[in-house]
*Asks:* 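Can you keep this structure in mind? I'll have questions shortly.
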Amino acid sequence: MAGFDKRVYSYEDAMAGIESGMTVIAGGFGLCGIPENLIDEIKRRGVRDLTVVSNNCGVDGFGLGVLLEDRQIKKILASYVGENALFERQMLDGEIEVVLTPQGTLAEKMRAGGAGIPAFYTATGYGTPVGEGKEVREFNGRPHILEEAITGDFAIVKGWKADRYGNVVYRHTAQNFNPVAATAGRITVVEVEEIVEPGELDPSQIHTPGIYVDRIIQGCFEKRIEKRTVRD
Amino acid sequence: MAGFDKRVYSYEDAMAGIESGMTVIAGGFGLCGIPENLIDEIKRRGVRDLTVVSNNCGVDGFGLGVLLEDRQIKKILASYVGENALFERQMLDGEIEVVLTPQGTLAEKMRAGGAGIPAFYTATGYGTPVGEGKEVREFNGRPHILEEAITGDFAIVKGWKADRYGNVVYRHTAQNFNPVAATAGRITVVEVEEIVEPGELDPSQIHTPGIYVDRIIQGCFEKRIEKRTVRD
Amino acid sequence: MALTREQMAQRVARELQDGFYVNLGIGIPTLVANYVPEGMDVMLQSENGLLGMGRFPTEEEVDPDMINAGKQTVTARSGAAIFSSAESFAMIRGGHVDLTVLGAFEVDQQGNIASWMVPGKLIKGMGGAMDLVAGADNIIVTMTHASKHGESKLLSECTLPLTGAGCIKRVLTDLAYLEIEDGAFILKERAPGVSVEEIAEKTAGRLIVPDEVPEMTFE
Amino acid sequence: MALTREQMAQRVARELQDGFYVNLGIGIPTLVANYVPEGMDVMLQSENGLLGMGRFPTEEEVDPDMINAGKQTVTARSGAAIFSSAESFAMIRGGHVDLTVLGAFEVDQQGNIASWMVPGKLIKGMGGAMDLVAGADNIIVTMTHASKHGESKLLSECTLPLTGAGCIKRVLTDLAYLEIEDGAFILKERAPGVSVEEIAEKTAGRLIVPDEVPEMTFE
């Protein structure tokens with residue numbers, strides 16, 4: 001069964017093949033469900049001129065924010081950035097190109113990329129700067145804009161549990177962009193908290209079927225909280 | 001919590017509001033995971049001129065096949081029909097209009113209908129009779145055709161377990177078209193084998209979130225097998 | 001007197017109906033959850049993938065894997081569902097959310113809304129706002145009627161880049177509740193003690209004032 | 001001699017690689033599963049929503065909720081995943097399946113395939129075939145080289161309505177294994193005891209015959 005054993009045992013192996021200039025799709029929302037260690041490995045490797053596709057860009061010193069320190073990101077597609085002083089400076093200085101993309105459109109572009117749908121129409125963004133230069137067409141009496149799919153050279157994903165076949169489940173809202181990101185990578189790498197034996201995951205309850213996954217690695221996670229909010 | 005208690009206690013209530021001329025989207029693949037009793041209720045009501053959207057059309061005397069007996073279906077969108085003598089006769093006699101639709105395109109049209117995507121491009125069907133009359137556009141050097149979303153006045157769905165909020169899980173491959181059908185009905189009715197208490201279903205493991213569901217009914221199912229195949 | 005933030009939330013809460021799925025934006029919209037009428041149940045959708053958002057957690061319950069769209073730690077209520085961002089926005093874009101409440105910088109008489117970008121200022125992004133306004137039939141915008149400098153936010157035409165075009169039908173400000181119809185704001189209710197004249201003066205867009213403009217009441 | 005159905009399946013199975021996700025159509029393609037080489041593992045995808053299709057069930061295991069795309073009762077192997085039709089075709093359309101094997105009525109030298117419709121005959125539908133041929137990079141068509149009446153099925157141009165355009169690169173018939181390149185069939189292998197002349201005679205499309213055309217061997 002070597003053919004379906006997707007486990008790797010070092011982060012170096014997990015990100016083998018990543019090169020400067022590549023497009024990396026990352027799961028996560030804010031700091032929740034982000035592939036912390038895969039990001040750190042990208043930093044360690046020092047690859048540059050990356051195009052990053054991710055809902056957010058981490059914070060100073062954590063998450064995708066660490067890739068800003070050595071200016072590894074050339075361009076980012078995101079819906080919300082700038083929780084992050086370094087990011088703001090690089091954006092204002094024109095060192096990083098930012099393509100702001102509505103959150104739902106971003107998710108759908110990843111889903112479309114994975115699903116072999118090259119483009120779709122959506123009402124989201126019509127009449128706004130997002131719609132500028134895009135084809136407009138009316139459906140059901142309402143204008144829509146054409147949005148194209150996204151795929152990446154790599155997708156980096158944070159799961160909860162996986163089996164060696166690459167079947168993955170996510171925990172709570174750490175799911176977010178991870179399942180769609182996982183479908184859209186030419187090489188999809190998933191880091192998880194626990195690798196379980198095949199058969200332990202209920203086949204009907206798998207969020208990401210193994211067919212989308214190329215490499216699985218078990219890691220340890222800090223899981224930093226961005227806005228700790230409690231009730232009395 | 002009356003507002004989210006979607007249970008109904010008779011099939012008459014479950015299909016209340018269905019009228020002749022409406023579009024009905026049905027889950028199921030072959031005879032697997034079909035909303036048997038909801039179909040029977042449509043038969044009982046005698047509504048006519050229905051447009052049915054379903055991967056298949058049942059068999060003689062079971063599943064959607066029963067709606068053929070009194071000529072209740074005017075038009076059907078399906079990927080594979082005619083396991084069914086009555087269907088063949090009505091098709092050949094021109095009594096029923098059949099729009100053959102590739103299986104994946106059919107699923108994606110339902111998903112798009114539920115997801116507010118009015119249309120999408122796909123390579124499926126390009127250069128075939130399915131592509132005739134449809135817009136062709138090249139993406140990534142390959143021609144694609146434009147396909148439009150489907151929504152229905154009703155979606156009829158067969159689940160395994162649900163809570164009263166309408167959160168549904170499916171069992172094994174009885175899932176098939178059901179989750180996408182569930183998203184695409186103006187009124188979505190789900191019949192299940194068991195209604196459980198809220199909280200019994202793991203929130204991260206719900207196939208159809210309750211927001212898509214209007215009515216839930218617990219029923220008994222024959223679950224007829226179309227091709228019983230066993231090994232020795 | 002102008003409504004307080006709490007009163008604004010209270011007024012919006014009157015638009016809730018039992019069984020509504022509701023998406024509440026950051027700020028005043030979030031407060032609406034505190035004023036759900038007794039005996040009524042609504043389900044909160046958070047666009048990062050949570051239907052059935054519960055209260056904030058206790059210290060013991062805090063879980064970094066359970067946050068809302070504002071990135072705050074939250075809990076899930078019984079009967080909640082959690083799903084991917086693609087599924088979450090399928091719900092939103094597909095019009096399955098019954099009511100969306102969000103803030104704005106400007107709204108105009110065509111129902112356009114500007115809420116995400118002030119040119120020259122740092123742009124952080126639209127997040128899910130463009131999807132929400134494009135997907136919902138039923139949106140209530142909450143904002144102050146005028147800026148701190150007294151400039152109206154209810155305009156004949158938005159001056160800032162739009163979040164969505166022609167999608168807003170209802171606006172609650174600190175001075176009034178208005179509906180947008182046929183290219184005009186229709187003054188439906190006024191804040192207690194606020195005169196129609198004051199509202200008219202602070203509304204730059206076309207304003208239609210019916211014969212009766214009831215005053216809001218709060219307990 | 002022409003290959004038997006079993007030999008055709010055996011020959012196709014040589015195209016399998018360890019770790020391949022494979023979709024097998026009805027008929028001869030289904031038989032391929034019986035010839036997976038020792039020590040190699042492949043995962044069968046069934047387009048009704050099952051990745052990791054197992055053996056047929058015993059009488060006791062038969063479950064009406066567990067079928068394959070041919071509507072046969074099946075089992076799921078350990079490590080299987082089950083999902084919706086939309087997800088299943090996302091996999092297929094998105095090119096995630098490594099190998100697709102399916103039957104056909106005709107294939108032509110442009111890589112067009114006709115497999116679902118004979119005008120004048122009853123049309124039952126294309127099922128998932130159009131999605132499969134449009135989605136896979138790697139398709140092997142299995143069919144007899146000629147019809148019962150001796151008419152070639154490898155044509156310069158398909159006569160029947162297409163299932164997909166320009167998507168077939170490999171064909172295994174009962175007489176030969178061929179690849180399609182630049183508008184021609186390239187004869188790669190011939191069935192044991194079948195001459196190049198016979199294949200040429202039964203191939204209506206443009207055929208390129210290399211100097212060496214090895215004979216297939218079977219144990």
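Convention: sequence-line order gives letters A, B, ...; per-chain numbering from 1.
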*Asks:* Can you say whether N56(A) sits under 4.5 Å from chain C via the side chain, the backbone, both, or neither, judging by heavy atoms?
*Replies:*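 The answer is the side chain of N56(A).
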*Asks:* Looking at L155(C) and A204(C), what are the two nearest heavy atoms and their distance?
*Replies:*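 Closest approach of L155(C) to A204(C), heavy atoms only: CD2-CB, 3.9 Å.
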*Asks:* Any idea which of P57(C), A165(C), A76(C), G135(C) has the most non-hydrogen atom pairs under 4.5 angstrom with chain A?
*Replies:*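 Option with the top pair count is P57(C).
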*Asks:* Side chain, backbone, both or neither: which part of V180(A) has a non-hydrogen atom closer than 4.5 Å to chain C?
*Replies:*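 Side chain only.
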*Asks:* Quick one: of T105(A), N178(A), L100(A), who has the most non-hydrogen atom pairs under 4.5 Å with chain C?
*Replies:*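 Maximum pair count with chain C is reached by L100(A).
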*Asks:* Given that the side chain runs from C-beta out, which part of E87(C) has a heavy atom under 4.5 Å from chain A: side chain, backbone, both or neither?
*Replies:*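 Neither part, no heavy atoms under 4.5 Å.
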*Asks:* Side chains of I139(C) and V133(C): does their closest heavy-atom pair fall under 4.5 Å?
*Replies:*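 The answer is yes; the side chains approach within 4.5 Å.
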*Asks:* Out of D63(C), D65(C), I67(C), N68(C), which residue meets the side chain to side chain contact (heavy atoms under 4.5 Å, CB included) rule with T173(A)?
*Replies:*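 Among D63(C), D65(C), I67(C), N68(C), the one meeting side chain to side chain contact (heavy atoms under 4.5 Å, CB included) with T173(A) is I67(C).
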*Asks:* Return the set of residues passing side chain to side chain donor-acceptor pair (under 3.5 Å) with K71(C) (not counting sequence neighbours), or none when no residue passes.
*Replies:*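 K71(C) satisfies side chain to side chain donor-acceptor pair (under 3.5 Å) with E83(A) only.
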*Asks:* Return the option, out of M91(A), E88(A), R111(A), H207(A), with the maximum number of heavy-atom pairs under 4.5 Å with chain C.
*Replies:*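 With the most close heavy-atom pairs to chain C, the winner is E88(A).
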*Asks:* Is any NZ, NE, NH1 or NH2 atom of the basic residue among K161(A) and E200(A) found under 4.0 Å from an Asp or Glu carboxylate oxygen of the other?
*Replies:*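 Result for this pair is no, no salt bridge flagged.
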*Asks:* Where on N112(C) is there a heavy atom nearer than 4.5 Å to chain A: the side chain, the backbone, both, or neither?
*Replies:*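 For N112(C), no heavy atom lies under 4.5 Å from chain A.
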*Asks:* If we define contacts as heavy-atom pairs under 4.5 Å, which of G127(A), G30(A), G104(A), P179(A) has the most with chain C?
*Replies:*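 If we count pairs closer than 4.5 Å to chain C, G104(A) comes out on top.
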*Asks:* Return the option, out of A174(A), A107(A), S79(A), with the maximum number of heavy-atom pairs under 4.5 Å with chain C.
*Replies:*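 Going by pairs under 4.5 Å, I would pick S79(A).
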*Asks:* Taking atom CE of M43(C) and atom CG of L50(C), what is their separation to the nearest 0.5 Å?
*Replies:*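 One gets 10.0 Å once the value is rounded to the nearest 0.5 Å.
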*Asks:* Any salt bridge between R11(C) and E189(C), counting N to O under 4.0 Å?
*Replies:*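 Answer for the salt bridge query: yes.
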*Asks:* Please identify, among A90(C), S85(C), S84(C), the residue contributing the most non-hydrogen atom pairs under 4.5 Å to chain A.
*Replies:*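 When all of A90(C), S85(C), S84(C) are compared, S85(C) has the most.
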*Asks:* Tell me, for L31(A) versus chain C, whether the close heavy atoms (under 4.5 Å) come from the side chain, the backbone, both or neither.
*Replies:*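 Contact with chain C is absent: no heavy atom of L31(A) under 4.5 Å.
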*Asks:* Tabulate below the donor-acceptor pairs under 3.5 Å that side-chain atoms of residues 116-129 of chain C make, not counting sequence neighbours, or state none.
*Replies:*
{"from": "W116(C)", "atom 1": "NE1", "to": "L162(C)", "atom 2": "O", "distance (Å)": "2.9"}
{"from": "K124(C)", "atom 1": "NZ", "to": "G82(A)", "atom 2": "O", "distance (Å)": "3.0"}

